[in-house]
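What you are looking at is a predicted structure, and each value in this text was computed from that prediction instead of being measured. We use all heavy atoms of the structure for the numbers below, so side chains are in, but hydrogens, waters and symmetry mates are not.
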Amino acid sequence: PFDFVICNIYLDHNITTLTLNDELENIIKQLGHSFIITGDFNAHNKVWGSHKTDRRGTIITELTEKYTLTILNEKLPTHIATNGRLTAIDLSICTQNIVSFTEWTVLEDLHGSDHFPLLISFPHTQHINTHRQTYNIKKANWTEYKRAQNFDNINTSNINSMENDFTSRIIQAANKSIPTTKPFKGKKKLPFWNDDIKNKIIERKKNIRQYKNTLNPDIRLKITSLTKEIRETINKSKTESWRKYTSSINHKANTKEIYDKVRTLNGKSKNTEIRR
């Protein structure tokens, strides 16, 4: 395990090559010894898969050499330009001590943009389970919970020790008397998600793969059309889901129930993590 900084940047076309070197150097010097810089650099260089090398691209490669940085790109297109050309203007650059831990790739779906999302993963590092686990209060044995509580001889040497000891004993009693739910390891399905949206996205991915191979302008128009259809279908489904829920609200619904439902409609969990 190690700590590092992730810096996302966008280099506007208006930034001149006269100031670009100084501005990038200023960013690099602020990030410490371990970092990843990623974003839209609007720069071309055959080193990372562009069809040409421009002054911006040269400045970036010179800086990576000066500071011993590595460009993670694997000569894959990351952007569909306005003229239909596939370009590689989105870069991921990191320090040497991170390179061996990373895997870099470009996702296949545009998700409504003209840039392909970049995925940087760390497959060789220890996996941290971020899925939440909760106590099932409805099945709690409160008699056993009271019996299991033991607050004798609590460490009172200082306030922090006392708090930790007290909290630990409460958790121990809960673990003996209250069952826990199993963490959900799959993807949480959004309430508005349906097969129509899913199938349209699958079709768009298929067309994107075809476009990469052919650069057929008719296929690009199809991608644009599908993106519009997907956006409209999602918005319509969201509206229907919201109307369906609001029509079910009555005077008996409390604030917490409404808040939890709104979070669910946005794909957010209402559970509270068990801290140990």
>> Keeping Thr58 on the side-chain end and Asp54 on the backbone end, is there a donor-acceptor pair under 3.5 Å?
In response: yes
>> Is it the case that the side chain of Ser161 and the backbone of Asn155 share a donor-acceptor pair, with hydrogens and angles ignored and the cut-off at 3.5 Å?
In response: no
>> Could you measure the distance from the CZ atom of Phe35 to the CG atom of Asp3? Nearest 0.5 Å is fine.
In response: 15.0 Å
> Is Phe101 reachable from Leu118 through a run of I, L, V, M, F, W or Y residues, each pair having side-chain heavy atoms under 4.5 Å apart?
Replying inline: yes
>> Tell me whether Leu20 shares a hydrophobic cluster with Tyr67, the cluster being built from Ile, Leu, Val, Met, Phe, Trp, Tyr side chains joined at under 4.5 Å.
In response: yes
> Do Ile28 and Leu69 have side-chain heavy atoms sitting under 4.5 Å apart?
Replying inline: yes
> What's the shortest heavy-atom distance between Ile178 and Asn136, and which atoms?
Replying inline: CG2-O, 3.7 Å
> Can you tell if the side chain of Thr95 reaches within under 4.5 Å of the side chain of Phe4, non-hydrogen atoms only?
Replying inline: no
>> Pair Ile120, Phe122 - check side-chain contact (heavy atoms from CB on, under 4.5 Å), show working.
In response: CA-CA 7 Å; Ile120 303 173; Phe122 302 83; 4.2 Å; yes
> Backbone N or O of Ile234 within a donor-acceptor pair of the Ser237 side chain at under 3.5 Å?
Replying inline: no
> What about Ile80 and Ile208, same hydrophobic cluster or not, with Ile/Leu/Val/Met/Phe/Trp/Tyr joined at side-chain heavy-atom distances under 4.5 Å?
Replying inline: yes
> Taking the side chain as C-beta and beyond, is there a heavy-atom pair between Lys75 and Lys46 under 4.5 Å?
Replying inline: no
>> For the backbone of Tyr135 and the side chain of Thr180, can you confirm whether one donor and one acceptor N or O come within less than 3.5 Å of each other?
In response: no
> Does the side chain of His115 come under 3.5 Å of the side chain of Asp90 through a donor N or O and an acceptor N or O?
Replying inline: yes
>> Is it true that Ser168 and Asp165 share a donor-acceptor pair across their side chains at a distance under 3.5 Å?
In response: no
> What closest approach, in Å, do Ala81 and Arg220 show between heavy atoms, and which atom pair accounts for it?
Replying inline: O-NH2, 3.0 Å
> After noting the C-alpha distance and the side-chain angles of Thr167 and Asn164, does the key distance pass the side-chain hydrogen bond (donor to acceptor under 3.5 Å, both in side chains) rule?
Replying inline: CA-CA 5 Å; Thr167 302; Asn164 292 335; 5.7 Å; no
>> Rounded at 0.5 Å granularity, tell me how far CG in Asn235 sits from CD in Glu240.
In response: 11.5 Å
> Side chain of Arg169, backbone of Asp152: donor and acceptor closer than 3.5 Å?
Replying inline: yes
> Does a side-chain heavy-atom distance below 4.5 Å link Ile89 with Asp40?
Replying inline: yes
>> If you count every heavy atom of other residues, nucleotides or ligands that lies below 6.0 Å from Asn153 atom CG, does the total exceed 12?
In response: no
> Where do Ser177 and Pro179 come nearest, in terms of heavy atoms and distance?
Replying inline: O-CD, 4.0 Å
>> Could you measure the distance from the NZ atom of Lys200 to the OG atom of Ser225? Nearest 0.5 Å is fine.
In response: 9.5 Å
> For the residue pair Ser92 and Thr38, what are the closest heavy atoms and their distance?
Replying inline: OG-OG1, 3.1 Å
>> Once rounded to the nearest 0.5 Å, what's the spacing between atom NZ of Lys238 and atom CZ of Phe192?
In response: 4.5 Å
> Taking the six-membered ring of Tyr211, is the NZ or CZ of Lys222 close enough (under 6.0 Å from the centre) and on axis enough (within 45°)?
Replying inline: no
> Heavy atoms, side chains only, cut-off 4.5 Å: are Trp104 and Leu119 in contact?
Replying inline: no
> Does some side-chain heavy atom of Ile27 sit less than 4.5 Å from a side-chain heavy atom of Cys7?
Replying inline: yes
>> Could you measure the distance from the OG atom of Ser34 to the CG atom of Asn97? Nearest 0.5 Å is fine.
In response: 3.5 Å
> Linking I/L/V/M/F/W/Y whenever their side-chain heavy atoms sit closer than 4.5 Å, directly or via other members, would Ile9 and Ile60 fall into one cluster?
Replying inline: yes
> Is there a donor-acceptor pair under 3.5 Å between the side chain of Ser113 and the backbone N or O of Leu110?
Replying inline: no
> Should the pair Lys206-Glu203 be classified as a salt bridge under the 4.0 Å nitrogen-to-oxygen rule?
Replying inline: no
> What closest approach, in Å, do Gly112 and Arg231 show between heavy atoms, and which atom pair accounts for it?
Replying inline: O-NH2, 4.1 Å
> Do the side-chain N and O atoms of Asn194 and Asp196 include a donor-acceptor pair separated by under 3.5 angstrom?
Replying inline: no
> Side chains of Tyr145 and Ile170: closer than 4.5 Å at any heavy-atom pair?
Replying inline: yes
>> For Asn216, is there any backbone N or O sitting under 3.5 Å from a side-chain donor or acceptor partner on Thr214?
In response: yes
>> Just verifying a value: how many Å separate Thr70 OG1 and Ile98 CD1, rounded to the nearest 0.5 Å?
In response: 10.0 Å
>> Assess the residue pair Asn73 and Ile93 against the criterion (side-chain contact (heavy atoms from CB on, under 4.5 Å)); give the C-alpha distance rounded to whole Å, side-chain angles, the decisive distance to 0.1 Å, and a yes or no.
In response: CA-CA 8 Å; Asn73 291 53; Ile93 303 171; over 6 Å; no
> Have Thr227 and Arg204 got a donor and an acceptor in their side chains that come within less than 3.5 Å?
Replying inline: yes
>> Angle between ring planes, Phe166 versus Phe151, binned at 30° and 60°: parallel, tilted or perpendicular?
In response: parallel
> Side chain of Thr61, backbone of Gly57: donor and acceptor closer than 3.5 Å?
Replying inline: yes
> Given side chains that start at C-beta, do those of Leu72 and Cys94 come closer than 4.5 Å, heavy atoms only?
Replying inline: yes
> Any luck finding a side-chain donor-acceptor pair between Ser50 and Asn45 under 3.5 Å?
Replying inline: no
> Would Leu63 and Glu25 satisfy side-chain contact (heavy atoms from CB on, under 4.5 Å), going step by step from the backbone distance to the final call?
Replying inline: CA-CA 8 Å; Leu63 281 173; Glu25 239 183 333; 3.7 Å; yes
> Which atom names give the shortest non-hydrogen contact between Ser241 and Pro191, and what distance separates them?
Replying inline: OG-O, 3.8 Å
> Step by step, would you call Asp12 with Asn14 a side-chain hydrogen bond (donor to acceptor under 3.5 Å, both in side chains)?
Replying inline: CA-CA 5 Å; Asp12 190 272; Asn14 294 327; 3.0 Å; yes
>> Applying side-chain contact (heavy atoms from CB on, under 4.5 Å) to Arg56 and Asn42, what does each step give before you reach the verdict?
In response: CA-CA 8 Å; Arg56 279 184 170 225; Asn42 278 311; 3.6 Å; yes
>> Less than 4.0 angstrom from a charged side-chain N to a carboxylate O is my criterion; do Glu108 and Arg209 meet it?
In response: yes
>> Taking Leu215 as the starting point, is it possible to reach Leu76 by hopping between hydrophobic residues whose side chains are less than 4.5 Å apart?
In response: yes
